[in-house]
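Have a look at the structure below, then the notes.
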Amino acid sequence: MTETLGAAAAAWGVLMAISPLLQIRRMLARRSSGDVSITYLFVLEFGFFLWIGYGIALGNPFIIFPNSVAAIVGALTMLVAWGYRDRVRPVA
């Protein structure tokens, strides 16, 4: 029962981990990331790495794998957000 629940939670975790791809798609279509909080994304990213470390300490792939996917997608999301961040123009 525990293994089945772990596998189901990990599978759902991977689906949650790839959901920021929808945000990336929106940023690419709009060519802007002005409405995306990079600080929020960084907080999430930090949490993913904590969970990865915890999963490694436990030797639990059901924790490691989905959080690794989330960390990769999160990093990609931050890169796209930084790339489309509206530049502040100096006042002449």
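- Taking Ile, Leu, Val, Met, Phe, Trp and Tyr as members and joining any whose side-chain heavy atoms lie under 4.5 Å apart, directly or through other members, the hydrophobic cluster of Ile64 also contains Phe49, Ile52, Ile56.
- Nearest heavy atoms, Pro61 versus Pro66: O-CD, 3.9 Å.
- Residues Ile18 and Leu41 fall within the same hydrophobic cluster, defined by Ile, Leu, Val, Met, Phe, Trp and Tyr side chains chained together at heavy-atom separations under 4.5 Å.
- Listed by chain and residue number, Val14, Val69 satisfy the side chain to side chain contact (heavy atoms under 4.5 Å, CB included) test with Phe65 (two or more places apart in sequence, or in another chain).
- In this structure, CG in Leu5 is found 9.5 Å from CZ in Phe62, a value given to the nearest 0.5 Å.
- Hydrophobic clustering (side-chain heavy atoms under 4.5 Å, transitive across Ile, Leu, Val, Met, Phe, Trp, Tyr) keeps Leu44 apart from Leu50.
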* Asked: Under the side-chain contact (heavy atoms from CB on, under 4.5 Å) criterion, do Met27 and Thr77 qualify, and how do the steps go?
  -> CA-CA 9 Å; Met27 287 186 286; Thr77 305; 4.0 Å; yes

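- The salt bridge (charged side-chain N to carboxylate O under 4.0 Å, His left out) pairs that include a residue from residues 46-57 number zero, where partners must be two or more places apart or lie in different chains.
- A continuous path of hydrophobic side-chain contacts links Leu15 to Ile24 [ILVMFWY only; heavy atoms under 4.5 Å].
- Scanning for side chain to side chain contact (heavy atoms under 4.5 Å, CB included) contacts around Thr4 gives an empty result, with sequence neighbours left out.
- By the side chain to side chain contact (heavy atoms under 4.5 Å, CB included) test, Leu22 is found to be paired with Arg25, residues two or more places apart in sequence or in another chain being considered.
- For Tyr54, the ring pair (Phe, Tyr, Trp, His ring centres under 6.0 Å) criterion is met by Trp51, not counting sequence neighbours.
- Linking ILVMFWY side-chain heavy atoms closer than 4.5 Å, directly or via other members, places Met16 and Leu76 in a single hydrophobic cluster.
- Every residue meeting the salt bridge (charged side-chain N to carboxylate O under 4.0 Å, His left out) condition with Arg30, not counting sequence neighbours, appears here in chain and number order: Asp35.
- If you chain together hydrophobic residues whose side chains sit under 4.5 Å apart, Leu58 and Phe48 never meet in one group.
- Counting only residues at least two apart or on different chains, no ring pair (Phe, Tyr, Trp, His ring centres under 6.0 Å) pair has a member in residues 27-47.
- If you take CZ on Arg26 and OG on Ser33, they are separated by 11.5 Å, rounding to the nearest 0.5 Å.
- Ile38 pairs by the side chain to side chain contact (heavy atoms under 4.5 Å, CB included) definition with Ala81, Trp82, Arg85, not counting sequence neighbours.
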